[in-house]
2 protein chains.
Amino acid sequence: MPADVAPPGLAEETANRLRARVISGGLQPGQRLSEARLAADMDVSRNTLREVFRLLTREGLLTHLPNRGMSVAVPSMASILDIYRVRRMIELPALEHAWPRHTAVRIMVQAVEQADGCRKADDWKGVGSANMTFHTAIVDLADSPRLTTFFAQITAELRLAFGLLNSPELLHSPFIDANRKIVDALHNDDPKMARDLLAAYLDQSERVVMAAFARIDAKS
Amino acid sequence: MPADVAPPGLAEETANRLRARVISGGLQPGQRLSEARLAADMDVSRNTLREVFRLLTREGLLTHLPNRGMSVAVPSMASILDIYRVRRMIELPALEHAWPRHTAVRIMVQAVEQADGCRKADDWKGVGSANMTFHTAIVDLADSPRLTTFFAQITAELRLAFGLLNSPELLHSPFIDANRKIVDALHNDDPKMARDLLAAYLDQSERVVMAAFARIDAKS
DNA sequence: ATGCCGTTTATTGTTCAACAATAATGGGTG
DNA sequence: CACCCATTATTGTTGAACAATAAACGGCAT
């Protein structure tokens with residue numbers, strides 16, 4: 001009965017599949033994407049794949065050089081810096097002015113627990129994933145559809161950058177407790193404290209990512 | 001010599017043309033867009049038009065009902081509310097933390113002058129346009145490419161909504177002087193004052209737009 | 001006349017094949 | 001070894017074709 005969800009259409013579905021392949025590292029940054037080959041690979045026509053390309057280009061996951069085809073975007077230090085600036089601008093006010101009994105708070109709690117479980121199982125990829133849903137939930141606190149979709153893009157780009165970094169443990173491990181403290185502050189009706197905790201988290205996370213990135217950049 | 005700008009490609013160019021037609025009111029909100037007819041109208045193939053559709057759908061200017069085609073998006077009160085919330089979140093910090101000698105400040109000055117000229121010529125459409133470039137310049141103060149492109153979308157959606165409102169004079173006239181005061185505050189090295197002026201502007205503008213919108217909504 | 005059901009028609013969704021335009025490739029030549 | 005030109009591969013764009021779905025139409029019973 002709740003099947004009033006329209007079938008997504010082939011292009012959307014293919015976009016999801018390709019997006020997953022990109023942010024999971026199945027396709028490496030900078031790699032060129034041949035239309036003919038990729039179309040065959042994903043079992044769609046070249047035209048449909050082209051529509052998908054437009055979508056993912058808008059999301060910042062692919063770059064388009066005219067007459068030279070599409071490539072997976074290569075994150076730069078500037079892009080990481082920009083992404084963290086945007087995160088601060090969006091996440092901090094969303095958390096500070098949050099309604100403490102918002103639905104998204106429950107999702108934040110679940111995300112913390114899931115991250116904890118993944119850490120116990122040494123599943124660092126899962127930890128990173130849970131961390132992302134945690135921050136997505138923070139943005140959902142603002143109840144702004146435009147911010148939500150915008151942040152989804154930012155998240156995808158960030159995961160693409162994370163794909164370059166090969167130390168997920170160092171990347172995500174220290175932040176599970178930080179997230180838990182943020183949730184606790186929300187439950188204690190202290191959004192100002194939650195905001196400060198999140199600000200500290202973002203500073204530290206940005207530093208770690210930038211450091212790891214600098215190491216990579218030096219090698220190439 | 002500065003011709004290292006790549007030719008935009010037919011799809012991008014067509015997207016610009018169609019976007020212009022939508023936000024200028026040449027196509028009314030809610031109107032269905034037949035692929036065959038519009039493709040002939042814009043002298044592109046149906047496949048190319050489809051790529052354009054994907055672009056503009058992501059921008060929030062078109063809506064897609066599966067198997068029922070594309071239509072021009074119809075702005076709702078909720079969307080207007082959301083847009084102004086996002087504008088506050090983006091524009092206020094950008095202005096408050098602006099570097100007073102940023103390049104974009106010059107553009108703001110030019111926009112104010114142009115708006116003034118258009119008002120003298122009773123060109124209210126031009127006034128609205130200049131107002132938009134003024135606020136786009138405010139966002140450019142933040143030097144964040146992601147915020148800039150995001151705000152461009154917001155701007156397009158807002159212009160679409162303005163298209164429904166038939167009183168551009170009432171809509172834009174009182175705000176030219178407000179913009180000038182904001183620039184003056186920036187030149188006086190008082191970004192805090194500029195921020196407060198902008199906040200007041202946004203409050204008033206939102207109220208006017210919502211009121212006009214409520215009148216329209218009641219009629220239908 | 002009116003409400004319902006099957007058929008017809010138009011539109012969308014998707015693919016394929018073709019061709020021009022552009023960029024990469026490779027080989028010969030000075 | 002550098003340069004120029006022909007060859008080749010890839011992208012950019014179009015047109016036609018067909019299945020699938022939704023809209024429009026018309027007959028039929030009440």
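First the proteins, then the strands, lettered A, B, ... as listed; each starts at 1. FYI, side chains are in, hydrogens and waters are out, and symmetry mates aren't considered; it's all heavy atoms of this structure.
Side-chain atoms of A:Q31 come within 3.5 Å of backbone atoms of A:Q28 as a donor-acceptor pair (strictly under, hydrogens ignored). With hydrogens and angles disregarded, no donor-acceptor distance shorter than 3.5 Å links the side chain of A:S205 to the backbone of A:Y201. Using a distance-only test at 3.5 Å, with no hydrogens or angles considered, no donor-acceptor pair links the side chain of A:R50 to the main chain of B:T48. B:S129 places no side-chain N or O within 3.5 Å of a backbone atom of B:K125 that could act as its donor or acceptor partner.
Of all heavy-atom pairs spanning A:W99 and A:V105, the tightest one is O-CG2, 4.3 Å. Closest approach of A:I154 to B:R146, counting heavy atoms only: CD1-CD, 3.7 Å. For A:S76 against A:F213, the heavy-atom pair with the smallest separation is C-CE2, 4.0 Å.
In this structure, B:L33 reaches the sugar-phosphate backbone alone: every heavy-atom distance under 4.0 Å involves primed, P, OP1 or OP2 atoms, never a base. Using a 4.0 Å heavy-atom distance criterion, B:R32 is classed as a sugar-phosphate-only contact.
If you walk DNA chain D from 5' to 3' and mark each nucleotide with an atom closer than 4.0 Å to a heavy atom of chain A, the marks span D:dT10 to D:dT14.
The aromatic ring centroids of A:F175 and A:H135 lie 6.0 Å or more from each other.
Rounded to a whole Å, the CG atom of A:N47 is 10 Å from the P atom of C:dC16. Rounded to a whole Å, the CG atom of A:D43 is 9 Å from the P atom of C:dC16.
Note on the helix from C:dA1-D:dT30 to C:dG30-D:dC1: terminal axis deviation equals 10°, with five pairs used at each end and the result rounded to 10°.
Position along DNA chain C of the nearest nucleotide to A:R46 versus A:A11 favours A:A11 as the more 5'-ward residue. Mapped onto DNA chain D by nearest heavy atom, B:R68 and A:M70 fall at different nucleotides, with A:M70 at the one closer to the 5' end.
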